[in-house]
**Q** 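The following block contains the structure, expressed as structure tokens.
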There are 2 protein chains.
Amino acid sequence: MKANSKVRARVMDTVTRLFYEQGFQATGINQIIEESEVAKASLYEHFPSKEAILQAYLEDATAQWRSEFEEFCKGKAAGDKTILALFDYRKFLAVKRGFKGCTFIRVVYEMPNLDKAALEVILRHKEYIRKMLKENIALLPSRRSPKEVEELAEMIVSLYEGCGVQSSLERSARSIDSARKIAQKLLE
Amino acid sequence: MKANSKVRARVMDTVTRLFYEQGFQATGINQIIEESEVAKASLYEHFPSKEAILQAYLEDATAQWRSEFEEFCKGKAAGDKTILALFDYRKFLAVKRGFKGCTFIRVVYEMPNLDKAALEVILRHKEYIRKMLKENIALLPSRRSPKEVEELAEMIVSLYEGCGVQSSLERSARSIDSARKIAQKLLE
DNA sequence: ATATAAAAACAGACAAGTCTGTACGAAAAT
DNA sequence: ATTTTCGTACAGACTTGTCTGTTTTTATAT
């Protein structure tokens with residue numbers, strides 16, 4: 001009964017909060033066990049190391065992102081509406097969490113020599129977004145060549161990542177709103 | 001004779017390398033003094049704390065960035081050529097340093113509760129870039145309203161920051177090349 | 001339902017090492 | 001002669017991870 005244990009869930013809840021607020025390195029094992037209300041021995045029964053916690057966290061967080069985003073898109077038409085929802089979701093998260101930037105880029109930037117497996121999870125996540133963009137761009141009324149689709153997707157990815165960075169510098173949603181408007185124009 | 005001391009310069013050279021390669025937190029005082037070939041007492045004679053080293057590093061690095069970028073623009077016409085040089089310089093740096101992203105965003109993302117003074121230095125730097133963009137956009141032959149200038153600058157900032165993030169994920173210059181092309185098109 | 005066996009979570013001490021920053025007197029440079 | 005740099009020992013607090021033994025929970029058998 002290790003898989004559906006409550007220890008794992010409590011640890012994940014805690015690190016989801018702490019890793020985002022403080023960063024991975026600034027969060028110690030002792031703080032994790034204290035705030036999860038879990039014994040140290042129990043934690044190490046579930047995760048062999050702090051690195052393993054990070055790995056599990058990234059897997060959970062990317063999955064959570066996708067499911068919440070898909071929820072966010074419910075009721076929205078495919079095409080431009082879904083693409084714009086990407087910016088709406090980013091804004092929603094940024095406001096909720098105090099403009100500290102993208103969870104995943106944060107990890108990559110904090111640890112330039114990141115574990116290969118961890119980077120893999122993040123790349124897969126970003127690939128999911130890119131694919132979603134391309135599919136939805138292809139659905140738009142104005143017909144575009146594959147090359148044009150590719151280029152527009154690239155541009156929206158840049159806008160998306162760029163406004164995330166910018167909003168964390170300014171600690172405001174201004175750049176996200178702005179990026180959304182620009183994207184809207186590009187999608188016409 | 002503290003200002004033109006060699007200790008300060010050697011420490012700055014070392015941390016410029018180490019902070020970028022490993023990150024600030026992962027770089028210890030002991031590693032700094034060892035690789036700078038400086039005694040610990042000497043280091044603390046020049047910098048009251050590790051935080052102070054970070055502050056001096058950010059000031060030096062932003063100043064260095066600007067002077068090197070201006071060197072990079074020498075011989076280039078004002079307007080679109082200068083704006084595109086921003087991407088060329090980013091590519092130059094990214095290739096040279098192994099695609100670990102923007103120096104300054106790295107610091108912001110690594111330490112979400114960064115010192116106010118340190119954040120100030122970074123914001124000033126990013127403001128410098130934005131101002132440079134607006135000035136050069138205004139010089140372009142196709143006349144634009146102030147609002148259009150503002151919006152185009154915003155877009156190029158996003159492209160610039162976005163491709164920096166993207167290139168560090170992919171560990172390649174592809175996204176920088178791509179962003180440059182898109183910028184070129186937008187500037188027509 | 002109740003007794004028993006097995007699994008899981010517990011609290012906390014401890015090891016072994018890291019970290020930043022201070023203090024000392026000696027050596028070197030100006 | 002005065003300032004700077006040096007080497008190094010040290011304090012004190014922190015780090016991750018291990019280990020021990022106890023208590024609680026869960027599953028099974030009667």
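Please read these numbers as outputs of a predicted model, since none were measured by experiment. All chains are named by letter (A, B, ...) in the order of the sequence lines, taking the proteins before the strands, and each is independently numbered beginning at 1. The figures that follow rest on heavy atoms only: side chains count, while hydrogens, waters and symmetry mates do not.
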**Q** Quick test: give all pairs of protein nitrogen or oxygen and nucleotides 15-21 of chain D nitrogen or oxygen below 3.5 Å, distance rounded to 0.1 Å.
**A**
| unit_1 | atom_1 | unit_2 | atom_2 | d |
| --- | --- | --- | --- | --- |
| D:dT16 | OP1 | A:Ile29 | N | 3.4 |
| D:dT16 | OP1 | A:Lys50 | NZ | 3.2 |
| D:dT16 | OP2 | A:Ile29 | N | 2.7 |
| D:dG17 | OP2 | A:Tyr44 | OH | 3.1 |
| D:dG17 | OP2 | A:Lys50 | N | 2.9 |
| D:dG17 | N7 | A:Lys40 | NZ | 3.3 |
| D:dG17 | O6 | A:Lys40 | NZ | 2.7 |

**Q** Would you say B:Arg10 places a side-chain N or O within less than 4.0 Å of OP1 or OP2 belonging to D:dC6?
**A** yes

**Q** Quick one: A:Leu43 CG to C:dG12 C1', roughly how many Å, whole number?
**A**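 Nearest whole value for this atom pair: 15 Å.
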
**Q** Heavy-atom count check: over 12 atoms from other residues, nucleotides or ligands less than 6.0 Å from A:Glu170 CD?
**A**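 More than 12 within 6.0 Å, yes.
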
**Q** Under a 4.5 Å cut-off applied to non-hydrogen side-chain atoms, are B:Arg174 and A:Glu154 in contact?
**A** yes

**Q** So B:Glu37, base contact, sugar-phosphate only, or nothing? Heavy-atom distance under 4.0 Å.
**A** sugar-phosphate

**Q** Provide, to the nearest angstrom, the distance between the CD1 atom belonging to B:Ile32 and the P atom belonging to C:dT18.
**A**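 Roughly 16 Å, once rounded to whole Å.
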
**Q** Are B:Ile33 and B:Arg10 side-chain neighbours, meaning at least one heavy-atom pair lies under 4.5 Å?
**A** no

**Q** Phosphate oxygens OP1/OP2 of C:dA8: is one of them under 4.0 Å from a side-chain N or O of A:Ser42?
**A**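 For A:Ser42, the contact criterion (side-chain N or O under 4.0 Å from OP1 or OP2 of C:dA8) is not met.
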
**Q** Look at atom NZ of A:Lys76 and say whether more than 12 heavy atoms of other residues, nucleotides or ligands are closer to it than 6.0 Å.
**A** yes

**Q** Check the side chains of B:Ser178 and B:Arg180 for a donor-acceptor pair under 3.5 angstrom, ignoring hydrogens and angles.
**A**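 On atom types as modelled, these side chains do not qualify, holding no pair under 3.5 Å.
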
**Q** What's the separation between atom CZ in B:Phe104 and atom CD1 in B:Ile129, rounded to the nearest 0.5 Å?
**A**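 That separation rounds to 8.0 Å.
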
**Q** Taking five pairs at each end, how big is the angle between the two axes of the helix from C:dA1-D:dT30 to C:dT30-D:dA1, to 10°?
**A** 20°

**Q** For A:Gln31, answer base if it contacts any base atom (sugar-phosphate contacts may also be present), sugar-phosphate if it contacts only those atoms, and nothing otherwise; contact means non-hydrogen atoms under 4.0 Å.
**A** nothing

**Q** Which of parallel (below 30°), tilted (30 to 60°) and perpendicular (above 60°) describes A:Tyr57 and A:Phe19?
**A** perpendicular

**Q** Please give, in whole Å, the distance from D:dT24 P to A:Lys6 NZ?
**A** 16 Å

**Q** For a 4.5 angstrom cut-off between non-hydrogen side-chain atoms, does B:Lys91 reach B:Asp177?
**A**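 SC-SC contact between B:Lys91 and B:Asp177 confirmed.
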
**Q** A:His46 side chain N/O closer than 4.0 Å to the phosphate oxygens (OP1, OP2) of C:dA9?
**A** yes

**Q** Figure out the CD/P separation between A:Glu45 and D:dT24, and round it to whole Å.
**A**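 From A:Glu45 CD to D:dT24 P: 19 Å.
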
**Q** Do B:Val15 and B:Phe24 make a side-chain contact, defined as non-hydrogen atoms from C-beta onward lying under 4.5 Å apart?
**A**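 No, side chains not in contact.
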
